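Input: a single structure, listed below in structure tokens.
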Amino acid sequence: MIHRSRARIAVIVTLAILAFILILAPYIAPFDPTQVKMEERLKPISMEHLLGTDHLGRDVFSRILTGAQTTVGASFLILFISLLVGVPFGLLSGYLGGKIDRIFMRIVDAFMTFPDYIVAIILSGFLGPGMFNLVLAIVMVKWVGYARLARSVVLTEKQKDYISMAKINGMSSLNILRRHMIPHVTGNVMVLATLDIGKIILMIASLSYIGLGAQPPAPEWGAMLNEAKGFFYNAPQLMLIPGLSIMMVVLIFNLLGDYLRDHFDVKNQKG
Amino acid sequence: MRVVGQEILTVKNLSKEYVCGHKAVDQVSLTVNKGECLGIVGESGSGKSTLARCLLALEKIDEGEILLKEKSLYNANKKSLHPVRSEIQAVFQNPSASLNPKLKIIDSLMEPLDFQRKIQPSFLMDIRNQRTKMAERLFEMVGLPSKYLSYYPHELSGGQKQRVIIARAISIEPALIILDEPTASLDVSIQAKILNLLKDLQEDLGISYLFISHDLAAVNFMSQRIIVMKQGQIVDQCSKHDLFSDRRHPYTKDLLHVFEA
Amino acid sequence: MIQVTVLAISDLTIQHRKTMIVQNIEMSVDEGDWFALVGESGSGKSVTAAAIGGLLPRELKAASGSILLDGKNLVNLKERELRKYRGTVISYIFQDYQGAFTPFMKIGAQLDEMLRTHTNHSKKERKERALHSLKLVELPEERVYNSYSFQLSGGQLQRAAIAMAMILEPKLLIADEPTTALDSMTAANILQLMADLKEKAGCAVFFITHDLRHVRKYANKVAIMRNGVIVESGMKSNVFHQPKHEYTKALFEAIPSLRKTSARLSSHL
Amino acid sequence: MKQIGKRLLELCLFLFLLSIISFVFMKAAPGDPVRYMLNIDDVAISNEQIESLREELGFNDPVYIQYWNWLIRFFQFDLGDSFMTKQPVIEELASKIPATLTLTFSSMVVMMLIAVPLGTLAALYKNQWIDHASRIFALIGASVPSFWLGLLFIQFFSVELGVLPSMGSDGFFHLIMPSLTLGIAMAAVYVRLLRSSLLESLGQDFIRSARARGLSPKRIFIYHTFRHCLTPVITIFGVSLGSLLGGTVIIEVLFSYPGVGKLVVEAIIRRDYPIIQGYVLFMGLFVVIINLLVDLSYRYLNPEIRLKGADRQ
């Protein structure tokens with residue numbers, strides 16, 4: 001079992017570092033990420049500028065740090081809202097069943113038939129470019145997934161005998177939901193959420209890349225990649241660094257997601 | 001040993017029809033007296049489990065009436081159903097499905113007592129407010145070491161889990177426990193112990209049982225009176241002693257032939 | 001008539017990595033026998049049955065001992081060789097009748113597929129044999145031949161599975177708890193059917209069960225298995241009337257019997 | 001056949017609803033469409049001009065009339081004109097759709113070429129090196145932003161080696177990098193889904209029964225295992241085809257590949273609503289067709305659904 005505890009420590013440590021960067025980014029960033037200094041343009045990596053400077057002389061290291069706050073911070077915000085909206089909706093619809101459930105399923109089907117990227121693009125299209133609209137667009141896409149998951153967990157558990165037992169003991173629906181359903185739902189939702197963060201980060205970065213998310217001069221990783229497009233020749237690192245940061249953060253969450261899924265599967269299988 | 005008289009459960013012409021028109025339970029009437037075990041035997045599809053779910057008010061019934069200690073269980077609305085309902089408990093076939101895998105054993109065990117504060121079971125009166133002590137005593141009554149209280153269901157065997165469920169069923173000293181195939185998924189040796197335990201508890205606590213199973217031999221071992229069900233109807237009814245008399249319904253004779261071999 | 005030994009297992013041990021699932025078991029099954037292997041869950045009886053036809057899952061392997069079928073040791077046969085025995089010399093029926101047939105192929109097509117694999121009969125001949133085999137198990141042959149498994153009842157499916165197993169007149173029919181998932185009535189009919197087919201085909205039946213009641217009526221030899229070891233074996237009449245091993249005695253007493261109504265069952269296991 | 005009729009009706013209803021939603025969105029969108037139409041060419045415009053154009057285009061009529069007119073024109077394939085190019089939306093879209101479809105199709109081919117062999121091998125040789133390799137490939141694939149992968153390709157193939165063009169779309173070479181980028185990203189997701197559905201099929205009881213009947217492994221795999229896992233695989237394929245389309249938008253912008261995706265992104269930035277609306281309807285139609293095809297494959301593959309008429313699991 002050492003393997004498991006070693007993995008658990010590694011996961012917790014990386015999460016701590018990430019949280020540290022996220023919260024303290026503006027304070028530990030050596031330079032003002034949006035301050036333009038044309039004379040410092042396209043500087044290579046040096047002691048002064050740990051990751052060099054971009055085409056407007058801004059310090060890349062500071063932009064990456066504060067960029068983390070926008071990209072990763074926004075994805076946590078999206079996740080939080082999607083959970084807040086989706087899970088209760090799924091719980092009630094699954095538990096109460098009947099007409100509500102049928103209507104709910106129609107809404108979900110409509111959302112689900114469309115690929116999430118397309119819906120996000122179209123929504124942010126109608127709402128107009130900008131970070132707030134992008135967050136809103138992705139939330140409208142993502143909440144359905146959590147509603148559906150919560151609903152499916154409730155439907156499977158609802159038929160189990162221990163729910164009938166609870167009903168026989170005269171427990172109210174609310175009590176049954178709270179005491180019996182929530183533990184099951186949190187397990188599954190946690191796994192989906194961790195795997196989803198990676199997807200949301202990629203979505204924010206991609207949409208910012210094509211100009212629908214963060215608007216210049218905001219230091220968002222996707223937008224930084226877009227700005228770096230013109231400088232392949234003389235400053236390839238401008239393009240490498242933001243890409244690598246996105247990849248690393250998403251990789252960490254995917255690893256965490258895989259770990260949680262295996263951990264929870266063990267519990268679910270046995271139960 | 002059997003206390004005659006006070007009728008715990010009375011069922012009159014109970015019918016339950018499924019939406020496809022198939023009559024799962026058709027005009028069933030029966031009574032269970034105090035401290036008695038009434039056995040119901042029947043193949044799958046005979047309606048015996050549907051009958052059990054109707055008696056437990058888990059499913060609505062289309063016709064007839066259910067009286068528990070002379071108080072009507074069926075046409076009472078949800079609110080007044082509650083006090084009557086606590087007089088009836090259940091043990092189902094699959095022990096793993098009857099315990100929430102995410103809750104510790106003690107939480108599942110104490111659920112009835114936790115959620116029905118008003119109930120004062122006689123054998124727990126002295127420690128009614130000490131939750132762990134009650135749990136330990138209940139485990140003693142069903143022969144389980146109290147260290148299992150902090151375990152999770154997947155750490156116990158089928159037989160042990162069924163004992164936990166029996167302990168939970170008796171915890172609020174109900175008038176009647178409905179046992180729907182309680183030992184069908186257990187090995188023969190464990191089934192013997194569970195059946196013995198149920199008999200001991202009936203003698204100690206005077207709880208009435210409705211023992212439902214496809215296994216005529218197990219039903220015969222547990223019950224004083226036996227009802228035979230087929231396609232939703234009661235086709236035969238007799239006391240245990242004249243099970244082999246030739247007045248029995250042909251279907252009962254077939255069952256006897258199969259189980260006696 | 002001299003007894004021809006169909007199956008002889010000696011000193012068979014099956015391991016899952018380090019843990020012993022089955023330890024040095026001995027048994028022999030002759031032509032016309034109904035050999036019952038009785039044991040509770042986790043006793044290793046199903047693993048033994050699977051080992052005979054080489055159907056052990058990848059992580060289990062027969063560490064030592066031999067499984068002689070008509071004198072040939074199956075344990076060290078290569079998969080390609082062993083495959084020839086399955087369906088022709090050894091055939092299986094399982095507890096879960098739903099899993100006997102592929103859901104998206106008609107029953108007839110699967111019978112035909114088996115005949116095509118093991119024989120070179122013409123299409124017409126194969127159809128006749130398939131229909132005949134379904135008739136033998138008292139099923140409406142034309143209807144069942146053209147239906148899918150989800151269109152048949154549990155009892156019918158198990159009968160069709162028996163038809164499939166007996167179609168090539170195997171020497172050994174391995175039945176792993178065939179009636180556990182069926183009603184007691186249907187189960188009794190299926191067992192009676194198996195007994196009749198055994199007499200007609202003269203094959204041997206290797207019957208796995210946890211329920212001694214089935215054994216009393218049909219088996220002529222019985223072996224009791226516990227935690228991977230055979231605690232007692234022999235002719236059914238001897239074992240039933242004078243059980244020697246403690247565990248066997250306890251098993252008998254644990255069964256609630258209809259005749260003698262005792263207040264408690266013995267359960268000192 | 002009845003269920004297919006019902007399904008078709010359902011999908012037409014869905015399309016109709018979609019048209020209403022996109023129409024409402026267009027109305028509710030911030031900014032004044034007329035103003036956008038006029039000042040695109042940065043010419044000073046007086047209010048009267050805006051007013052007269054508004055009247056002429058019928059923006060002042062009651063909403064339901066506007067929708068009615070819009071619907072009539074819709075059935076005459078007239079989705080109005082693009083604010084930017086003043087060309088009819090239909091023509092704008094029609095000229096770009098083939099490019100997007102070719103890109104989607106070629107990316108799908110790349111996805112299948114990578115995912116099918118890797119996924120199958122990962123399932124057949126479970127927990128051996130090929131399985132771990134596929135797990136790592138899936139993990140990396142799911143973590144690498146697909147557009148960044150595209151940038152790396154451009155950096156390497158066009159800039160460094162100068163082998164492949166990084167712009168435009170006239171010819172096979174323009175297709176290689178975009179479809180590789182998108183194909184690899186999708187393959188990473190598809191490989192694991194394919195592996196798990198194949199594993200699930202391999203574990204079925206009827207496979208064990210087939211083995212017990214002495215059928216050859218090859219026959220079992222083709223006629224039993226593979227056939228069984230085809231249903232879930234097609235479902236996943238239907239879903240991934242949708243997200244593949246989503247991916248094309250980003251890739252088209254990255255490689256300035258003149259498809260519908262690039263068009264809609266420009267339309268969004270320029271608030272060119274008719275184009276956006278046309279794109280929504282095109283997407284709706286495409287997704288509806290995919291769903292219908294997936295549904296039909298269910299009926300064909302799964303006799304239980306065909307005969308019992310139970311709707312999709």
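This is a predicted model, so every value here is computed, not measured.
For the atom pair CD1 (A:I168) and CD1 (B:I178), the distance works out to 8.0 Å, reported to the nearest 0.5 Å. Remark: A:N169 CG to B:F115 CZ distance equals 9.0 Å, nearest 0.5 Å. Expressed to the nearest 0.5 Å, how far NZ of B:K102 lies from CD1 of A:I182 amounts to 12.5 Å. Between B:Q116 atom CD and A:M171 atom CE the span is 10.0 Å, to the nearest 0.5 Å.
With a 4.5 Å cut-off on non-hydrogen atoms, B:P112 touches chain A through its backbone and its side chain both. At a 4.5 Å heavy-atom cutoff, the contact between B:L56 and chain A is made by backbone and side-chain atoms alike.
Counting heavy atoms of neighbouring residues, nucleotides and ligands inside a 6.0 Å radius, atom NZ of B:K71 exceeds 12 of them. Heavy atoms from other residues, nucleotides or ligands lying under 6.0 Å from CZ of A:F132 number 12 at most.
Contact annotation for residues 76-98 of chain A against chain B (heavy-atom separation below 4.5 Å): no residues qualify. Among residues 41-53 of chain B, the residues having any heavy atom closer than 4.5 Å to a heavy atom of chain A are, in sequence order, B:R53. Residues of residues 164-172 of chain B lying under 4.5 angstrom from chain A, judged on non-hydrogen atoms, are B:I165, B:R168 by number.
Options B:L58, B:N94, B:N100, B:L103 differ in how many heavy-atom pairs under 4.5 Å they form with chain A, and the most are formed by B:N100.
Within the structure, ring pair (Phe, Tyr, Trp, His ring centres under 6.0 Å) contacts touching residues 151-170 of chain A (residues at least two apart or in different chains) are A:Y162-A:H180.
Residues B:P101 and A:H184 share a closest heavy-atom pair of CG-CE1, 3.8 Å. Here the closest heavy-atom approach between residue A:R179 and residue B:S108 is recorded as NH2-N, 4.4 Å.
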